[in-house]
**Q** 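Sharing a structure with you now.
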Amino acid sequence: MMRKLFAFLLGALLLVGIPAATAQETRELTFFLTFVPNIQFSPVYVALERGYFEQRGYVGDAPLNVVIEHGDEPLGVDLIAAGELQFGLVSGEQLLAARAAGRPVVFVHEWFQEYPVGVVVPDGSDIESVSDLAGRRVGIPGRFGASYSGLTALLTSNGMTEADIDLEEIGFNAPEVVCVGGVDASVIYINNEPLQIANRAAAGDCGDVTGVRVFPVAAAVDMVSNGIITNESTIAEDPRLVSDVVYAFDAGLRAVINNPAEAYLISADYVDGLPLDEPLRAALETAAARQVEWLAENPTATREAIAERRVALLTDLQAQFSSNSLIQLEVLLASIELWDADRLGFSELESWEQTQAVLLEMGFMEAPLDDLSSAFTNDFLPGTAQG
Amino acid sequence: MVSEVRKTRLGGREGAVIARVLPYVSWLITPLLILLGWQLVVSLGVYPEFIIPSPAAVLERGVEVIVSGRLWENTQVTLVQTLLGLGIGALSGVFLGYFAAKNRWVDTLLSPLVVTFQSTPVVAYAPLLVIWFRDGITSKVITSALIVFFPMFLNTVVALRNVPPSLRDLMLSLRASRWQMFTLLEVSSGLPIILGGLKVSATLAVIGSVVGEFINADAGLGFLIEQARNAYDTPLVIVTVLTLALSARLLYGFVEFLEGRLLHWQRRGSR
Amino acid sequence: MSASLSARNISLEYAQPAGKRLPVLDRVTASVGSGEFVSLVGPSGCGKSSLLRILAGLKSPTHGSVAIDSQPITAPSPRIAIMFQDANLMPWRTVVQNVALPLEIAGISRNQREARARALLPRLGLAEFGESFPRELSGGMAQRAALGRVLIQEPDVLLLDEPFGALDALTRERISLDLLNLWHGTRPTILMVTHDIHEAVLLSDRVLVMSQRPGRLIAEVRVEIARPRAVANMYDATFVEYVRTVRTAIEHA
């Protein structure tokens, strides 16, 4: 009887002991992403796949075990603010709104260097500038999020307001609505809908539309878009963890910019339904391998030279594959144009000021932050000396 | 006069006073305990205030949005949707339920479908309804009506099946017409079960219209919660949730009141 | 008014799941004279109640026919009222409303029907209970209300299906005698199904005995005790003799 009891207690101890022991061997980390798995999150996928999160372990540090969680932005921000999670990819506007409401969250890496929103018009349209939008029907997914902020910024910088245009909420259906002429212009994500409309136009499946022109918000206003956020206590208590994560993401981002074909192949494991049939896989594998060689041969290649390689990659693939199977790769390439910069991740106070001005204009913030400069930091970017 | 006498007799006996007052305030006990626990969690700092704001902060925000009219505007939208959904769902549920109980074919065609759909969470198909019926209140009314329809249909079928056969025989022996069978027997006999269904449905109707609002809306309490969340206004989220709870409770109370009026025969003499 | 009732060659079969047929009644022929009080006794499950339901027009026989004053019965008739074992009152209606139900179905105005129901209550011993709901009544009172619902129809023929079966012995005796008194007034034709041999002998002019299923008529006992009868009659030697005769007939069923 006693022996049985003893065996039971021993077993129970072992059961309790095992997870505790393994927890010491790795550091669990949840990385919060919005929406659903998507080719645009390829920098994270590449960082995971390449082991960038573990790479810069310090002696004695347990390796990071990173998992991804998806959810809506307010949820992610609150989880990070409350210290339930430490890191996530969130928009700059959400960060400011959250800080205005007392959330101790900080922006540590500006992923999108260019604000991804713009207004698209069909090629033959007589709308030749933003001011020409006056009195015209303009579609928008809804009066929320980056599209709405972007539109407000674009109008404000042209001395206009929402009242000057005929704004229609059309959900995320811009390609369909633009193709049937339901609106004269539409607020869109530069790296997505214009490509879809152009694709349809090329296939003759977009009414009278033959091509598109885009007025990017970024051309008028420099606003902060998506980036990595963390909370103040993580920065205070574990600054090394912050720089590890920023490093890993930054390295992943760099890898995507340098070799999008490879990034696309890696992302296919994470994103359901990414177009990838055997011929495309083979072509991408060849292109990826060739790019690796080229990078080795040209260790000091300039941004421009690498960008040319990307253009060449797309031209090459377009000769072999239908636009339907390339659409997501095109989205990735268009996104890279919004990400690439001389110094990845760097954000400037001026961009934050402009973003805050737009939020105040829209009434999403009631008063400017007392300490806008503590809403973000560039201190954790690779190559930056830390205190 | 009688109470006068009692008062003098009980005067000074505190236990008796409490016993007399208790029934009138007992409903307050649980909310007060919750409030106390809430304040305790805030005071102990278990969570930062932006995750669990203090009761005082919530009260303050509540007064603000009541005064500004913002809360009432959105409550109205949700209430209208809910009442329309409840009305349409309940009427169609009772109507089709009646035929299913009467006609084997209607039953075979409808009941399996209803049972299957009833156990499907509304959040799973609500996005489709929003796409099919677009924004505005239509999609919310339909979501709400649909979620109400299932229990009303099933309860009506059960209610009619539970009409005592001996009373049916009685009505037949008295040569009652089909209409008399319905008005004099089936309605009254089925009412307790149908009203039971309506009580459940009243709260379901609120869920249906709010689920729709979460997906796509420009007004309503669900929309207000989303707005507050996006503005990181946790006190407003709580104010709105409490308003929703209160609305659902009021609707439930209204059906209870109806039940009291219509089923007074159940309570009389049950001492 | 009263009327004669007749059943000719009644057979009844129920379809069984396996395609078999379960015979319930086997060629029953019987008649009840105008103004006569007849009881039907027999082992449980012998088809007594089914026969009554056929006579009430609630059920069709497999073979044979039933008639009231030589008019065939195929559906419930206004001249025939049936009273069931349970009081079978509608719980949401007051006593007056329950008693008045047949008149409501017949389309008589509310004032008229409720006045007639109320006028009936004293005779039923329910004078003070007109506005009570069934759940406030004792079993005996409920059964009296049910009796009122039958009497208000002023039927020519009364079919009683173990009407007092659910009551305790004393209540049952009293209501039986009340029924008898009421019957002396208008003298409708009565056919009563009962388990209780004493009750049958006390109330009836004739007692019909049915066999076990499938039910056949196997005996007929004519009760020649002078009316009006009272509980005291039950201790007479002749009464006891009648009871014994009926019991023996049932035991041989």
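Below, read A as the first sequence line, B as the second, and so on, with proteins coming before strands; counting in each chain starts at 1.
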**Q** Can you measure from CD (Q227(B)) to CZ (R143(A)) and round to the nearest 0.5 angstrom?
**A**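 So the CD of Q227(B) and the CZ of R143(A) are separated by 12.0 Å.
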**Q** Using a cut-off of 6.0 Å, state whether more than 12 heavy atoms not belonging to D371(A) lie near its atom CG.
**A**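 Enclosed.
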**Q** Rounded to the nearest 0.5 Å, what separation is found between the CD atom of Q94(A) and the OH atom of Y232(B)?
**A**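 Output value for this atom pair is 3.5 Å.
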**Q** Over all heavy atoms of both residues, which pair between R229(B) and L75(A) is shortest? Give the atoms and the distance, please.
**A**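 So the minimum-distance heavy-atom pair works out to NH1-N, 4.0 Å.
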**Q** Measuring heavy-atom distances to chain B, does A81(A) have an atom under 4.5 Å in its side chain, in its backbone, in both, or in neither?
**A**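 Both parts, backbone and side chain.
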**Q** Which heavy atom in P74(A) sits nearest to a heavy atom in N230(B), and how many Å separate them?
**A**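 Closest heavy-atom pair between P74(A) and N230(B): CG-OD1, 3.3 Å.
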**Q** Over all heavy atoms of both residues, which pair between A231(B) and A101(A) is shortest? Give the atoms and the distance, please.
**A**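 Scanning both residues completely, I find the closest heavy atoms to be O-CB, 3.9 Å.
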**Q** Do you know which two heavy atoms are closest between I51(B) and D78(A), and how far apart they sit?
**A**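 Scanning both residues completely, I find the closest heavy atoms to be CD1-O, 3.8 Å.
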**Q** Is chain A contacted by the side chain of Y47(B), its backbone, both, or neither, given a heavy-atom distance below 4.5 Å?
**A**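 The answer is the side chain of Y47(B).
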**Q** Checking heavy atoms, do the side chain of E84(A), its backbone, both or neither come under 4.5 Å from chain B?
**A**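 For E84(A), the contact with chain B is made by the side chain alone.
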**Q** Decide if atom CZ of F117(B) counts as having more than 12 heavy atoms of other residues, nucleotides or ligands within a radius under 6.0 Å.
**A**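 No, the 6.0 Å shell around CZ holds no more than 12 heavy atoms from other groups.
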